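Below you'll find the structure, written out as structure tokens, and then a few comments.
What you see is a predicted model, and the numbers here were worked out from it, not measured in a lab. The chains referred to below are lettered A, B, ... by the order of the sequence lines, with proteins before strands, and numbering in each begins at 1.
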Amino acid sequence: MNEFDLGRFEEEAQEQWMHAFESNPSNLEKFYLTVAYPYPSGAMHVGHGRTYIVPDVIARFWRMRGKQVLYPMAFHVTGAPVIGISKRIAKKDPKTIHLYRDLYKVPQKVLDEFVDPLTIVRHFASEYQRVMTACGISIDWRRRFTTVDPTYSKFIEWQWKHLYDAGHVIKGVHPVRYCTVDDNPVGDHDLLEGDKAEVIKFTLVMFRYGDTFIPTATLRPETIHGVTNLWANPGITYVRALVDGTPWIISKDAAEKLALQDHIVEIQNEIAGRDLIDKIVSHPLCGKVPVLPADFVDPDVGSGLVMSVPAHAPFDYVALRDLQHAGRYTNIRPVPLIKVEGYGKIPAQDAVERTGITSQMDSCMDTLTQEIYSAEFSKGRLFEKYGGKPVRVARDEIAALMVEQYNSKIMYEFDTHPVVCRCGNKVKVKILHDQWFLKYSDPAWKKQVSDHLGDMALIPQEVRLEFERTIDWLKDWACTRRVGLGTRFPWDTTQLIEPLSDSTIYMAYYTIAHRIKEIEPSLLTPEVFDYIFLGKESVDLPEKKKLETMRKEFLFWYPYNYRFSAKDLISNHLTFQLFHHVTIFPKDKLPLGMVVFGMGLLNGAKMSSSKGNVFLLEDAVSEFGADTVRMFLMGSAEPWQDFDWRNELVISTKKQIERFYNTVLEIKDAKGEPDDIDRWLISRLQSHIDRTTAALTNFQTRQALQEAYFGIETDLKWYRRRLPDDCDGSRELHTLCSAWVRLLAPFIPFTGEYLWKQLAGEGLVSFAPWPVAERGLVNTRIELAEELLARTVEDIESIEKLIQIIPKSITISLAPAWKHEIFLAIAKADDRNTVIREIMKNDAMRKRGKEATDAAKQCTTLIHRLPPHVVEPLTQERVNEMAVFKAAKGFLEKEFGVPVHITEAESSEHPKAATALPFKPAIIIE
RNA sequence: GCGAGGGUAGCCAAGCCAGGUCAAAGGCGCUAGGUUGAGGGCCUAGUCUCGUAGGAGUUCUUGGGUUCGAAUCCCAUCCCUCGCACCA
């Protein structure tokens, strides 16, 4: 009947927990924690499991410590990904179907409905709730909501009104990756290729050719002074086009691109590349230069024409050299304009010759270009005649000058090619208008956030720097979208609020989520929320009674104590939510702390649904049991470290729970009279309680398990070893079991509830009082005695192993009192270098001569070797070694199977006896 | 490339911030012995090298440095993880 059966424990506990974790304001002190809510577009895997179990363990811990704990959950449904997913399912994309049908095990009937994106998130949201419940996560589900609920949208509108009023919402233009076939911006998940491509700002340097401009796109406008020629590809076709009414010559691709970047482009006629060769063009900053032929010029990069600076660009240098080797254009000389440490007068020439590159098609060309580019940017200086400024300064100045005075324009381009949309089309850069931004670049706003960050608790400490850097680095955030699910943007209802921007203060919404549902959404004006969250009275507030209740609830819970999330959200969500909080809430309602998690691995490889490298949480629970999954996830690494799920290790975790279970049932009813060894066990228990409590207070779940599980288990092993044969232990074991079960309950609550009942504990263990260490039960004397005994046993064992004789007897010979004096003097000494001299000043010691100095040296070594938690109490309390060993004589004889004699070293003839030291008796095996 | 974090015995992982107490906790795996109805479970011991007395030697990515003394501090090096923005 008492068979270990996690499934049964789970069933029984679930029944009792039904509404147990619904939490309301009370007289208790509150503890409010939240986790980043999930975007339920797929099934939960064990990585998600940890994300929600860590806070649960913390929640359960504080609940047992008598706090009013709130742990709510909701679902983030805003955004575009599910739209793409439903489209792909509608199109019967085999990969997507495989993922959802085979990996996530969605029944065909449900899958058919996934052509509606909302169905996907609804389905998985309820799956999440079901699996989280199965894991024993103690959530108050009454507060569940999704981010597309009309009520929530009202809340978001209120939030944005405040952001807007504070001047943080601004309108602007923004270059984005754009697919002209889909007619939409493309996110990373929409890309087939080039998901690392960045949009870079090029300057178009406008060369004049008659009445026409020939623009060249460059990242290095400052090198204009060194231009010796342009490059055109003779093998391609260019176009002459009117760009904003002015004639330009550019590649066809460039014409299309410019049309997306705020230019009106009318193509007039085509021009063969070869017809441009040898034409003379000019620019005010470099004069007249010819157009030369080059095959490396790509029509799909920039304007399709390139300005050539052979002194500083390896490509240009080699291309020119090749032509000159063929005897052409031999009058052109590279014109240097930048001096840079480590290179000669003409850096490009220098670098090319050093590496021995012979062809412009050499693959090293790119690295070489990068090398020169970096060197000149970081250390280069323009020649005096060009102003003498560092490159990094001159570059921006010259670019600005060109735009102002020399007709230059900005052109956006990707840094890598190609960039391809899922639809197969090439992605281009488009400038979006009416794009709204959150002005995270605002230094005043940044300062508010970083000031508050200084007051926050951050776990682990190492992330503080990362937060600081993030605040520093954040630029304006495009906060509206054209596609996806979400709340309409109030100042342009054709757009939606971007998903990361509608999820920054919802922790406040949880406090009222279950009550606000009772109010008709249309009544939820900004004034209503102003009242609930800011206490601002206004006339005609609807449902005043309900609002008052909500106001009270908000005041009770807020601010939240801790926000939990994986570390990948530091650079956006976790920092954003601080920005929003400082704007909307008063100082006393600002977040108190954050806990940042590491990532999850599966068998050493990164977990990834798209690669199929996942282990579903539900499968883990049914295969190993919820408690096993929990204990494994909490014990294999601290929350902020990466963890690795390996089935073999999980199996052994299950065995550990079973061992714990069996042990408790075995010993809980022991009836013996308590003895010294019981006092030892209980004394040790006090420090395990202290250390487990401290660890959990610091969110160290692994450390806590080490103490609460292995610490106590190890003690029990020694305890049982020390018991006489005919004894099963004392009734103190019941006390130990009671504390032990409670210490482990946050980790393995299902087994915990079952055992708690077996121990006749009151109510649910989930709400049982957390054990508190009692100073009065700590017995240093007995702990020291056991320590001495255990160390001696270890010594005897290691000697027996070495000497390979069959022992007939063991003699333990104890150090004399004068050695204790020396030991004590050294242990207490502040300066261990001079203490020996001090000791030898004593007449009695001096009489012993070398014997005493030797003993002092040995004591010093010994004291260094003993752990401080042993040495420290030894200076307070002298262990009566004779009494300890006499009492343990029976035990030792049982252990080693030979007669054991205890003697005073001073009265022994054996030469070994002289080696006896305090806390390390001489051992003579014969 | 930039920003942050990290590399410890077969594996996971503590220690590092506050240098000596470190051959380095704990867990897993493995080996041996015990218990047991082979097995499993449980208990005990071992698990860098050497050692017929509880000890010694060489280790903490690699290479330097500081120090009487470094896994711990400094510099460099190689490798790994996360983030780098319109994406949840």
Side-chain angles (χ1 to χ4, degrees), chain A residues 36 38-39 41 76 78-82 174 176-177 185-190 195-196 198-199 370 374 415 432 435 437 440 460-470 472-481 484 498-501 503 566-573 596 598-599 601 604 606 635-638 640-644 646 648-649 651-653 655-656 658-659 662-663 702-703 705-707 709-711 714 717 720-721 791-792 794-805 832-833 861-871 895 912 915 920-925:
Chain A
Y39 182 76
S41 65
H76 191 213
T78 331
V82 279
H174 189 52
V176 295
R177 292 189 296 225
V186 283
D188 273 348
H189 54 274
D190 294 322
D195 57 337
K196 284 279 166 284
E198 268 184 75
V199 174
Q370 191 57 45
S374 311
D415 61 343
L432 286 185
Q435 177 63 54
F437 294 89
Y440 291 141
Q461 291 175 349
E462 291 78 36
V463 299
R464 185 172 295 277
L465 197 57
E466 210 180 337
F467 272 105
E468 284 168 3
R469 299 280 179 167
T470 301
D472 225 34
W473 158 91
L474 271 180
K475 305 186 195 53
D476 295 346
W477 180 264
C479 61
T480 56
R481 283 301 113 83
E498 177 274 333
L500 286 182
S501 306
S503 299
K567 68 177 170 196
D568 52 347
L569 296 190
I570 292 178
S571 65
N572 48 58
H573 167 73
V596 176
M599 312 300 284
L601 302 176
K606 202 181 149 180
S636 65
E638 297 295 4
W640 42 88
Q641 296 172 320
D642 296 349
F643 77 95
D644 190 6
R646 288 176 194 266
E648 325 85 81
L649 301 184
I651 290 168
S652 72
T653 304
K655 288 180 192 162
Q656 284 158 2
E658 182 168 5
R659 208 155 69 214
N662 288 330
T663 308
R702 175 193 163 84
Q703 179 66 33
L705 264 176
Q706 295 269 341
E707 277 301 328
Y709 183 86
F710 298 107
T714 305
K717 279 183 189 167
R720 292 167 111 180
R721 190 174 170 187
R791 281 174 175 275
T792 309
E794 246 174 69
D795 280 352
I796 296 172
E797 278 166 351
S798 67
I799 295 168
E800 276 195 344
K801 193 151 303 145
L802 278 169
I803 57 175
Q804 298 174 349
I805 58 166
R832 282 176 189 157
N833 296 320
T861 315
L862 178 60
I863 285 165
H864 274 291
R865 290 221 164 123
L866 290 171
H869 73 260
V870 170
V871 176
E895 282 287 309
K912 279 253 161 248
T915 64
K920 196 171 182 66
I923 295 161
I924 302 151
I925 299 178

- Under-3.5 Å donor-acceptor pair between A:N572 side chain and B:A88 base: yes
- Query: When the P atoms of B:A9 and B:A53 are considered, how many whole Å apart are they?
  - Reply: 31 Å
All N/O contacts under 3.5 Å from nucleotides 13-16 of chain B to the protein, with atom names and distances to one decimal?
{"unit_1": "B:A13", "atom_1": "O2'", "unit_2": "A:R702", "atom_2": "NE", "d": "3.2"}
{"unit_1": "B:A13", "atom_1": "O2'", "unit_2": "A:R702", "atom_2": "NH2", "d": "2.4"}
{"unit_1": "B:A14", "atom_1": "OP1", "unit_2": "A:Q641", "atom_2": "OE1", "d": "3.0"}
{"unit_1": "B:A14", "atom_1": "OP1", "unit_2": "A:Q641", "atom_2": "NE2", "d": "2.0"}
{"unit_1": "B:A14", "atom_1": "OP2", "unit_2": "A:Q641", "atom_2": "NE2", "d": "3.1"}

- Task: Supply the atom-to-atom distance A:I924 CD1 to A:T915 OG1, rounded to the nearest 0.5 angstrom.
- Result: 7.5 Å
- Quick one: A:L465 CG to B:C84 P, roughly how many Å, whole number? 18 Å
- How does each nucleotide of nucleotides 32-48 of chain B score, in 5' to 3' order, for protein heavy atoms under 4.0 Å: base (B), sugar-phosphate only (S), or none (-)? ---------SSSSSS--
- Starting from C1' on B:G83, measure out to NZ on A:K475 and report it in whole angstrom. 13 Å
- ring-ring contact (aromatic ring centres under 6.0 Å, His included) partners of A:W477, counting only residues at least two apart: A:F576
- With sequence neighbours excluded, what pairs up with A:H573 under the ring-ring contact (aromatic ring centres under 6.0 Å, His included) test? none
- Query: side-chain contact (heavy atoms from CB on, under 4.5 Å) with A:S503: which residues, sequence neighbours excluded?
  - Reply: A:Y37, A:H76, A:Y506
- To the nearest angstrom, the CD-C1' distance between A:E498 and B:A85 comes to 9 Å
- Query: To the side chain of A:P81, which of B:A85, B:C87, B:G54 is closest?
  - Reply: B:C87
Please write out each protein N/O paired with an N/O of nucleotides 20-22 of chain B under 3.5 Å, distance rounded to 0.1 Å.
{"unit_1": "B:U21", "atom_1": "O4'", "unit_2": "A:H864", "atom_2": "O", "d": "2.7"}
{"unit_1": "B:U21", "atom_1": "O2'", "unit_2": "A:H864", "atom_2": "O", "d": "3.4"}
{"unit_1": "B:U21", "atom_1": "O2'", "unit_2": "A:R865", "atom_2": "O", "d": "3.4"}
{"unit_1": "B:U21", "atom_1": "O2'", "unit_2": "A:L866", "atom_2": "O", "d": "3.2"}
{"unit_1": "B:U21", "atom_1": "O2", "unit_2": "A:P868", "atom_2": "N", "d": "3.1"}

